[in-house]
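Please read the structure below before turning to the comments.
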Amino acid sequence: MAQSEQHEGAVRALFAAWASAESDEIALAGLAALLADTSGDAVATRLRHLWSPPPLAMVAAPAPRAAPSRPRDPALERALATASACLGRLDAIDSGSATALATAWLVRPDLAVTTRRPLLSCLAPLTRGERTLQLDLNGGPIAVREVLYLAPDCDLALLRVAPQASFIALASGVAHGHELAAIDRGEPPGAEPGDLRLVPGRVQEVSAALLRHDCVGRPGGVLLDLASGQAIGLTLGGHESVPGWLVRERIERLSR
């Protein structure tokens, strides 16, 4: 114990001497020389022991925090539920193989709406009986009985199908900035029918014959009002849709 106290006293004396040195450079030079001493001097060993930093504690890295689960929007959930039974992929069946044409959806129990352009190349084979159409819904494919109407002035077609239990009603109108969702299904044949694509957005421009919106839709999809669950448009692809009231007008024209 006495020897240890002597070493402590010698170390304190060294620090006192360095503190009173003429300059910091002289004090630091004396400290460096003592720390570098390898002769086994007890004072130098004690000083190196005091000078050495304590070992770093091994601290386990915190586990990465799991990303918080995003709460589901009830309005979007309702929109998907509405579309899941009434919207599907329109396929052309030729020699047993299916070719995806567009999305289509039921606007009446026995009436589906889609875009006109994909059907134009099918008209001749359909007339000759070389090709048929089917609508692949969540409950299974249903046959298209007739291409009932091809609009001459816009990208709109109406198809007669076997009556179904549900359909998407058409909204009477829409206001600028209205909350909506573009819903469609453009997967290749063989994909699960229930796999729908939903893109929320808002209407940006409204005219008598065209809607513009900030969400991107695919040909034949539905532009759905999130508040009412009604269709406000038929998506043409990109940011444009045929207004629902124009679709209704064409259906009423056929019924006269």
Side-chain angles (χ1 to χ4, degrees), residues 70-91 100-108 111-119 135-139 151 153-159 161 164 166-189 191-251:
R70 187 175 180 181
R72 294 192 172 188
D73 187 328
L76 297 182
E77 292 293 324
R78 288 195 300 271
L80 279 175
T82 298
S84 63
C86 307
L87 180 146
R89 189 188 61 245
L90 180 64
D91 293 335
L101 299 179
T103 299
W105 43 280
L106 296 170
V107 69
R108 296 278 177 88
L111 201 61
V113 61
T114 188
T115 49
R116 179 192 62 175
R117 291 178 186 176
L119 292 170
L135 181 56
D136 194 7
L137 297 173
N138 194 22
D153 56 347
C154 63
D155 197 3
L156 166 67
L158 297 172
L159 310 173
V161 299
Q164 303 298 305
S166 58
F167 63 94
I168 303 175
L170 293 167
S172 58
V174 62
H176 180 79
H178 205 87
E179 291 188 354
L180 54 90
I183 308 176
D184 48 59
R185 179 172 174 237
E187 301 91 351
E192 290 297 324
D195 292 341
L196 303 181
R197 191 187 73 112
L198 182 150
V199 184
R202 290 178 179 273
V203 169
Q204 295 177 314
E205 296 181 27
V206 178
S207 68
L210 196 66
L211 297 176
R212 297 185 186 274
H213 36 84
D214 59 4
C215 52
V216 177
R218 290 173 177 164
V222 62
L223 201 63
L224 203 70
D225 183 323
L226 291 183
S228 67
Q230 296 180 330
I232 57 177
L234 167 73
T235 58
L236 301 177
H239 299 275
E240 296 181 342
S241 293
V242 175
W245 54 83
L246 193 150
V247 177
R248 176 190 287 108
E249 186 270 333
R250 301 303 166 92
I251 294 173

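Counting begins at 1 with the first residue of the sequence. Here the structure is a predicted model, which means the values were calculated and not measured.
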Intermediate values then yes/no, salt bridge (charged side-chain N to carboxylate O under 4.0 Å, His left out), R197 and D184: CA-CA 5 Å; R197 191 187 73 112; D184 48 59; 2.9 Å; yes
Is [X] reaching over with its side chain to a backbone N or O of [Y], donor-acceptor style, under 3.5 angstrom?
X	Y	value
H213	R202	no
W245	I232	no
R116	A151	yes
W105	G88	no
T235	R218	yes

Atom pair CG/CZ of N138 and R185 - distance to nearest 0.5 Å: 8.5 Å
Distance, nearest 0.5 Å, that separates CD of E240 from CD of E205: 9.0 Å
Beyond-backbone contact of L246 with C154, side-chain heavy atoms, under 4.5 angstrom: yes
Atom of G233, atom of L211 and distance for their closest heavy-atom approach: CA-CD1, 4.4 Å
Derivation and outcome, side-chain contact (heavy atoms from CB on, under 4.5 Å), residues T114 and T103: CA-CA 7 Å; T114 188; T103 299; 5.9 Å; no
Greater than 12 external heavy atoms within 6.0 Å of R250's CZ: yes
